[in-house]
Participant: 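Can you keep this structure in mind? I'll have questions shortly.
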Number of protein chains: 4
Amino acid sequence: MREIVRERLITAAARQFAEAGIEQARIDDISTDAGFAKGTVYNYFASKEELFGAVVEEAAQRAVSRFAGVDPGGGDVRARLVALAQADVSVLRDNESFTKVLVREAMSFRPTTYPVIELHLAPFVLQIAGILTDAVTAGQVRDDLPPPQMALMFVGILSLLYVQHWGSNGDWPALDDIPELAVTAFFDGAATRRKEGES
Amino acid sequence: MREIVRERLITAAARQFAEAGIEQARIDDISTDAGFAKGTVYNYFASKEELFGAVVEEAAQRAVSRFAGVDPGGGDVRARLVALAQADVSVLRDNESFTKVLVREAMSFRPTTYPVIELHLAPFVLQIAGILTDAVTAGQVRDDLPPPQMALMFVGILSLLYVQHWGSNGDWPALDDIPELAVTAFFDGAATRRKEGES
Amino acid sequence: MREIVRERLITAAARQFAEAGIEQARIDDISTDAGFAKGTVYNYFASKEELFGAVVEEAAQRAVSRFAGVDPGGGDVRARLVALAQADVSVLRDNESFTKVLVREAMSFRPTTYPVIELHLAPFVLQIAGILTDAVTAGQVRDDLPPPQMALMFVGILSLLYVQHWGSNGDWPALDDIPELAVTAFFDGAATRRKEGES
Amino acid sequence: MREIVRERLITAAARQFAEAGIEQARIDDISTDAGFAKGTVYNYFASKEELFGAVVEEAAQRAVSRFAGVDPGGGDVRARLVALAQADVSVLRDNESFTKVLVREAMSFRPTTYPVIELHLAPFVLQIAGILTDAVTAGQVRDDLPPPQMALMFVGILSLLYVQHWGSNGDWPALDDIPELAVTAFFDGAATRRKEGES
DNA sequence: AATGAATGAGTCTTCATTCAT
DNA sequence: GATGAATGAAGACTCATTCAT
């Protein structure tokens with residue numbers, strides 16, 4: 001019961017925070033949006049700051065939760081990364097507000113939220129780093145950059161495409177194109193190339 | 001005279017906005033930081049919002065100004081992009097606050113500032129798009145993605161590295177490494193490769 | 001409940017506005033005067049301006065409300081006008097602040113308030129105009145001036161006497177004398193006269 | 001020299017005070033309107049309040065100055081009053097701002113300005129009272145009201161018509177009609193009448 | 001004497017937070 | 001547990017006034 005109300009508040013908060021930013025969002029609107037009166041928020045969260053923390057935490061958890069079991073494994077890095085990116089985009093579709101909050105906060109490196117985000121995103125990044133390590137071993141990925149940092153870059157590029165998607169009002173890139181695009185940008189780069197093994 | 005004071009105010013504002021964000025920054029502090037009493041800001045800017053606009057504008061202009069004459073031209077895309085990225089980093093060194101504000105705002109896609117940023121960054125993006133078009137013609141760059149969007153990606157990757165630099169408190173990547181890193185990430189990608197023409 | 005507080009705030013506001021004028025009156029004082037903390041006003045009115053509007057509106061309504069049923073009708077204009085003026089004075093006794101605000105504003109022809117006053121005073125003026133029209137028909141009142149404008153004059157003269165009452169600190173005219181005085185001034189004028197029908 | 005600048009400032013101040021009221025009028029605008037920079041006002045007046053006082057004083061003086069020699073004398077009160085009212089209206093034409101300030105202040109019974117106005121208007125009121133006293137003696141004016149108070153009423157009615165003129169944007173009454181109208185209202189009243197001496 | 005940049009006291013207004021019901 | 005009225009700290013903004021030039 002208590003948990004359900006809490007959830008409703010967090011979801012409403014995510015919406016408001018995504019639309020207005022943390023400063024501009026008003027507790028009143030959040031409560032109303034969730035179907036309660038102003039004061040109710042304070043029966044569940046000690047402060048606006050704490051509510052925001054809960055939103056970020058939930059956002060990070062949601063983002064991570066769906067990756068479990070998504071990785072097809074196997075030898076093809078590209079395919080594995082695309083699968084992850086697709087999972088991420090599908091999460092985004094159901095949680096656009098949460099993701100917006102997450103990305104905006106990540107890019108704002110606010111001392112209070114950055115560590116939270118890092119902490120919760122760690123599993124995701126590690127999973128990617130794992131895939132990359134496999135791929136380095138298999139000779140599919142360059143070995144002159146540490147996998148964890150390449151993983152960060154991959155997550156970053158994904159976020160970047162989200163930002164451009166939102167910034168262009170959905171004009172470009174379309175959500176559907178993002179997974180492939182992200183992997184292409186991350187993996188292949190802009191240069192013309194002859195794939196390994198091509199004659 | 002008037003211009004100098006204005007400049008001082010904008011610089012102080014950039015500092016405060018970079019540190020605290022637009023909402024948290026207090027007009028009082030900005031004026032004090034610039035060495036004036038609180039009312040002085042309002043002799044130069046009609047409102048906090050306008051001051052912020054001036055900071056963004058200045059940030060965008062500074063970012064662009066240094067690219068003039070930086071492009072070495074010639075046939076090597078990589079070298080040209082590295083030169084531009086180096087110029088950008090050197091601008092950043094002198095204007096860290098401005099760039100922070102710029103990047104944070106760009107990533108927050110706020111309706112009021114996003115267009116301003118787009119407008120002022122356009123020349124920079126176009127310059128890169130030009131280089132990429134040359135490179136496409138020369139067969140150095142893939143022709144399946146439109147140059148303007150690749151240019152956006154390049155700028156995005158650069159910004160991403162700044163964010164990671166700031167987010168890690170300068171840990172990784174170091175400023176000095178960013179130009180090379182950005183070009184590598186953008187141009188080469190993560191895949192192992194044999195450069196065009198290698199046997 | 002909510003209505004009571006609103007009323008208390010309006011009453012306090014009327015006091016402060018009457019004493020200090022709209023510019024000089026401070027929201028703080030109004031709230032305190034009403035027995036609340038300063039912020040409370042804003043739970044009921046969006047701005048000082050709106051609160052002022054509410055005061056003017058209430059003032060006009062109070063002024064009008066008591067005229068209902070006051071007019072004795074019958075053939076004697078003088079008596080009917082005196083009855084109305086007496087009602088007006090009795091309203092004034094209970095609402096001195098409101099009336100002061102009303103009169104001051106009416107005489108200041110401020111674009112924002114003048115229409116409000118006109119609108120709300122219209123019924124009163126119309127009632128008087130009606131009485132005068134009757135009287136014109138009955139041959140008691142001159143027919144060379146339009147009744148609505150004569151009605152305005154009557155209201156004006158009444159207000160004028162209030163102003164002189166306040167301006168002289170109650171010295172002259174006394175409130176009790178005002179109804180008779182107003183009707184005399186308006187109806188009879190200063191000239192010596194022989195009433196119609198006197199030999 | 002000094003006197004001329006002072007005069008220009010007072011005239012500009014009158015304009016601004018008339019348009020915006022004493023609180024809303026800004027020193028800056030007054031100075032600019034007079035053709036000077038902001039600071040100049042303070043070389044002539046110690047404060048805004050003092051400047052306002054000077055405007056009121058000047059307004060009162062201008063209002064009075066033109067009555068000298070205007071009174072045609074003779075036996076007809078009506079004619080003498082009309083002459084005075086005409087003089088007043090003609091003064092008003094050249095000094096609309098000053099008169100507006102004066103009337104508004106008179107109706108606002110502000111402790112600081114009311115005495116000033118009374119003081120300066122006294123000669124005018126006395127002159128009218130004199131005429132009325134003559135008329136009482138001649139049996140043309142009722143003897144049951146003290147002439148000074150009747151004089152006040154006359155001035156009041158005149159002001160009232162100005163207010164209605166301004167409040168209706170010049171619609172009614174027209175300036176030209178005011179002298180006759182004022183005397184009619186004051187002298188004859190609204191009642192049908194047979195003038196003294198009519199058969 | 002004129003200027004206009006700088007000052008800072010004074011207010012309105014917002015809104016997170018408290019708490020009695 | 002929900003409510004929403006009351007609170008009051010905080011901060012943007014105005015503008016009369018000062019004063020160095």
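The figures that follow rest on heavy atoms only: side chains count, while hydrogens, waters and symmetry mates do not.
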Participant: So what's E:dA20 paired with, Watson-Crick or G-U wobble, going by both distances under 3.5 Å?
Facilitator: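 Because both required distances fall under 3.5 Å, E:dA20 counts as paired with F:dT3.
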Participant: Name the residue closer to the 5' end of DNA chain F, choosing between C:T40 and B:Q24 according to the nucleotide with the nearest heavy atom.
Facilitator: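 Closest to the 5' end, via its nearest nucleotide, is C:T40.
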Participant: Can you measure D:K38 atom NZ to F:dA16 atom P for me and round it to whole angstrom units?
Facilitator: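 Atom NZ in D:K38 sits about 8 Å away from atom P in F:dA16.
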Participant: I'd like to know if the side chain of B:R15 and the backbone of B:S97 have a donor-acceptor N/O pair within less than 3.5 Å.
Facilitator: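 No, because the side chain of B:R15 does not come within donor-acceptor range (under 3.5 Å) of the backbone of B:S97.
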Participant: Hey, what do you get for CG (A:N95) to CZ (A:R62), rounding to the nearest 0.5 Å?
Facilitator: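 Going from the CG atom of A:N95 to the CZ atom of A:R62 covers 4.5 Å.
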Participant: Has the side chain of B:N43 got a donor or acceptor atom sitting under 3.5 Å from an opposite partner on the base of E:dA5?
Facilitator: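 Not at all, since no donor on one side and acceptor on the other fall under 3.5 Å apart.
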Participant: Starting at atom CE of B:M1, determine the distance to atom P of E:dA6, rounded to an integer number of angstrom.
Facilitator: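 For the pair B:M1 CE and E:dA6 P, the rounded distance is 7 Å.
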Participant: Can you tell me the distance, in whole Å, between the CG atom of D:D29 and the P atom of F:dT14?
Facilitator: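 About 13 Å, once rounded to whole Å.
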Participant: At under 4.0 Å, does any side-chain N or O of B:Y44 touch on OP1 or OP2 of E:dA5?
Facilitator: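 So the side-chain polar atoms of B:Y44 never come under 4.0 Å of the phosphate oxygens OP1 or OP2 of E:dA5.
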Participant: Can you tell me how far P of E:dT14 sits from CD1 of A:I27, to the nearest Å?
Facilitator: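 It works out to 17 Å between those atoms.
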Participant: Counting only side-chain nitrogens and oxygens, does C:R26 get under 4.0 Å of the OP1 or OP2 atom of E:dG10?
Facilitator: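 Looking at the OP1 and OP2 atoms of E:dG10, neither is under 4.0 Å from any side-chain N or O of C:R26.
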Participant: Hey, what do you get for CZ (C:R6) to CZ (C:F45), rounding to the nearest 0.5 Å?
Facilitator: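 Separation between the atoms: 4.0 Å.
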Participant: My understanding is that a pair needs two contacts under 3.5 Å, Watson-Crick or G-U wobble. By that rule, which nucleotide pairs with E:dA1?
Facilitator: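 Pairing partner, where one exists within any strand: none, as none qualifies.
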Participant: Do any side-chain nitrogens or oxygens of D:Y42 fall under 4.0 Å of OP1 or OP2 in F:dT17?
Facilitator: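 Yes, D:Y42 has a side-chain N/O under 4.0 Å of OP1/OP2 on F:dT17.
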Participant: Rounded to whole Å, please give me the gap between CZ in D:F36 and P in E:dG4.
Facilitator: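 These atoms are roughly 12 Å apart.
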Participant: Counting Watson-Crick and G-U wobble pairs only, both distances under 3.5 Å, name the nucleotide matched with E:dA9, or none.
Facilitator: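 Pairing partner, where one exists within any strand: F:dT14.
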Participant: What's the CD-P distance between D:E23 and E:dC12, to the nearest Å?
Facilitator: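 Going from CD in D:E23 over to P in E:dC12 covers 12 Å.
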Participant: Rounded at 0.5 Å granularity, tell me how far OH in D:Y162 sits from CD in D:E96.
Facilitator: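 So the OH of D:Y162 and the CD of D:E96 are separated by 10.0 Å.
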Participant: Heavy-atom nearest nucleotide on DNA chain E for A:E49 versus B:V5: which residue maps closer to 5'?
Facilitator: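 It is B:V5, whose closest nucleotide lies nearer the 5' terminus.
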Participant: Between D:G35 and A:A25, who's closer to the 5' end of DNA chain E by nearest nucleotide?
Facilitator: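 The residue closer to the strand's 5' end, by nearest nucleotide, is D:G35.
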Participant: Which value, rounded to the nearest 0.5 Å, describes the distance between A:I10 atom CD1 and A:E3 atom CD?
Facilitator: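 Interatomic distance, A:I10 CD1 to A:E3 CD, rounded to 0.5 Å: 7.5 Å.
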Participant: Starting at atom CZ of C:R2, determine the distance to atom C1' of F:dA6, rounded to an integer number of angstrom.
Facilitator: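 In whole Å, F:dA6 C1' lies 11 Å from C:R2 CZ.
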Participant: May I ask you to evaluate whether B:K48 reaches the phosphate of F:dA12, defined as a side-chain N or O under 4.0 Å from OP1 or OP2?
Facilitator: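 For F:dA12, OP1 or OP2 has a side-chain N or O of B:K48 closer than 4.0 Å.
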Participant: Whole Å only: how far is the CG atom of C:L9 from the P atom of F:dA5?
Facilitator: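 Spelled out: CG on C:L9 to P on F:dA5 is 13 Å.
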